[in-house]
Colleague: 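Quick one: this structure, given as structure tokens, is what I'll be asking you about.
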Amino acid sequence: MKYINFDFAIDESFDINSYEQIALRAFTDLHIKRTGKMSGWLECEKLLKDTEKKQMFKIVKEVKKEADVLVVIGIGGSYLGAKAAIDFLSDYYKFEEGLEVIFVGNSLSEKYLIDTAKYLENKNFYINVISKSGGTLEPAIAFRYFKDMVEKKYKSEAKKHIIITTSKNSGSLRKISIREGYRTLFIPDNIGGRYSVLTPVGLFPIACAGFDVEKILEGAKETKEEVDSVSYRKNPAMQYAVIRNVLYKQGKDIEVYSTFNPNMRQFLEWLKQLFGESECKNFAGIFPASLILSTDLHSMGQLMQQGKRNIFETFINANRENVKNNLYLEKDKNDLDNLNFVTHKNINEINKIARLATMKAHREGKVPIIDISFEKQDEKTLGAMFYFFEYSCAISAYILGVNPFNQPGVEAYKKNIKEILNKK
Ligand code: PA5
């Protein structure tokens, strides 16, 4: 594929082509038989109408000009994509002046709320509360708390500092936004939370952080065109879905996402939610886990190499992180640390070798390996990856025989928490 390289190493007897019919049945489910109600994300290029885009960019411009911090309030699909994108595209430290994007409302930690308020005390900030249902407790609590802070701080100007992202037609947040006259961006009704990163849910915070969301959409669109037009035998998005299910049937019920790029930690969190919530139903499904390497080789490496063989590992890596210059170690005349032997390779190459060495070791330890890599950590690649995995995930869930677009388990906890709180 244009942005994504795909490879795998599993048993020699495995023949990917023999699963074509299974993949095609899932394809038919996704595109024809069961498409409709929640498949809006498949049309990634049409998600934002021009007028909506214009309105969104106008607010982005204002927020970037006026604020030091954008506080994004949301949980699950209403924050993971934006956080993943911003981390993926940013430098590890903030070197330049400019808007900072922070995330709250994804926990009920009292200290976190208090500390965030303290952090914001002397800063100029806007809040963007994101909830499709408009009724999720964690963001609702954070919203009420920060709304109060905004009203006290900005008084008659307060309204300007609150941007809502929610459903057009339902939910308390929509009611609030109409009543208070807050500026509102909409989440299409036919897109669920974890498939919504390419709507204002993800695009607004990502654009505020200074990244080119048009390029993200372009990368997604190009990938959509690719997965739509190539046959199963040349289609990594479908093949990835098939391989996961074949391995699951062989008893590999844990998928470990591994990356050697620490700034992909959040992307793996996004993946865990996407696959975990879409697939794990009816007391079945693959448990998604993640490792950040080399760090976790020194904590979970033992398990990966010699633990119970119910795992497979999907490596997701940039072949090169965004750096301007190659970093080499200098030769040392005494060489007491015996490191002169690595001075001919830059650190990125050494990181890549660490990846190959790990793959080899885990494969020798009988862990099936899937390798998904890409050349750059830029906007187009990111858009491609969002679409690739959403597509694969939906196909994979249909192969497994579950509806990828509901999350009855999550709803159950949401209902319980409110019921318990309502009891006298
Ligand atoms: O994928 C999903 O639908 C969920 O993870 C939701 O995004 C999450 O529960 C938050 O819901 P809401 O946006 O309605 O507050």
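Atoms within a ligand are numbered from 1 in the order they appear, just like the ligands themselves. Excluded from the calculations below are hydrogen atoms, water molecules and symmetry mates; all remaining heavy atoms, backbone and side chain alike, are included.
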Colleague: Can you confirm whether the side chains of N106 and K83 place a donor and an acceptor under 3.5 Å from each other?
Modeller: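 No.
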
Colleague: Going by the atom numbers of ligand 1, which of them fall below 4.0 Å from some non-hydrogen atom of G77?
Modeller: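 Ligand 1 atoms under the 4.0 Å threshold to G77: 5 (O), 6 (C), 7 (O).
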
Colleague: Tell me, which protein residue and heavy-atom name are nearest atom 11 (O) of ligand 1, and how many Å apart are they?
Modeller: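 Closest protein heavy atom to atom 11 (O) of ligand 1: K414 NZ, 3.3 Å.
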
Colleague: For the atom pair CG (N261) and CG (N319), what is the distance rounded to the nearest 0.5 Å?
Modeller: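 Nearest 0.5 Å value for the CG-CG distance: 9.0 Å.
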
Colleague: So which atom in I292 and which in P262 form the shortest heavy-atom distance, rounded to 0.1 Å?
Modeller: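 Closest heavy-atom pair between I292 and P262: CG2-CA, 3.9 Å.
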
Colleague: Do Y154 and Y126 have their ring centres less than 6.0 Å from each other?
Modeller: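 Between Y126 and Y154, which both carry aromatic rings, the centre distance is not below 6.0 Å.
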
Colleague: For atom 5 (O) of ligand 1, what's the nearest protein heavy-atom neighbour? Residue, atom name and distance, please.
Modeller: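 The closest one turns out to be Q273 NE2, 2.6 Å.
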
Colleague: Would you mind listing which atoms of ligand 1 come within a distance below 4.0 Å of any non-hydrogen atom of E277?
Modeller: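 Those atoms are 1 (O), 2 (C), 4 (C), 5 (O).
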
Colleague: Identify the protein heavy atom lying closest to atom 14 (O) of ligand 1, giving its residue, its atom name and the separation to 0.1 Å.
Modeller: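 Protein heavy atom at minimum distance: S133 OG, 2.6 Å.
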
Colleague: Do S78 and K132 have a side chain donor and acceptor closer than 3.5 Å?
Modeller: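 Side-chain D/A pair, S78 to K132: absent.
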
Colleague: Any idea which atoms of ligand 1 are less than 4.0 Å away from a heavy-atom of G193?
Modeller: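 Answer for ligand 1: 1 (O), 2 (C), 3 (O), 7 (O).
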
Colleague: Are the aromatic rings of F267 and F386 close, with centres under 6.0 Å apart?
Modeller: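 That pair passes the under 6.0 Å test.
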
Colleague: Taking 4.0 angstrom as the limit and counting only heavy atoms of I75, give me the atoms of ligand 1 inside it, by number and element.
Modeller: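 That gives atoms 7 (O), 8 (C), 10 (C) of ligand 1.
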
Colleague: For atom 13 (O) of ligand 1, which protein heavy atom lies nearest, and how many Å away is it?
Modeller: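 Checked against all protein heavy atoms, atom 13 (O) of ligand 1 sits closest to S78 OG, 2.7 Å.
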
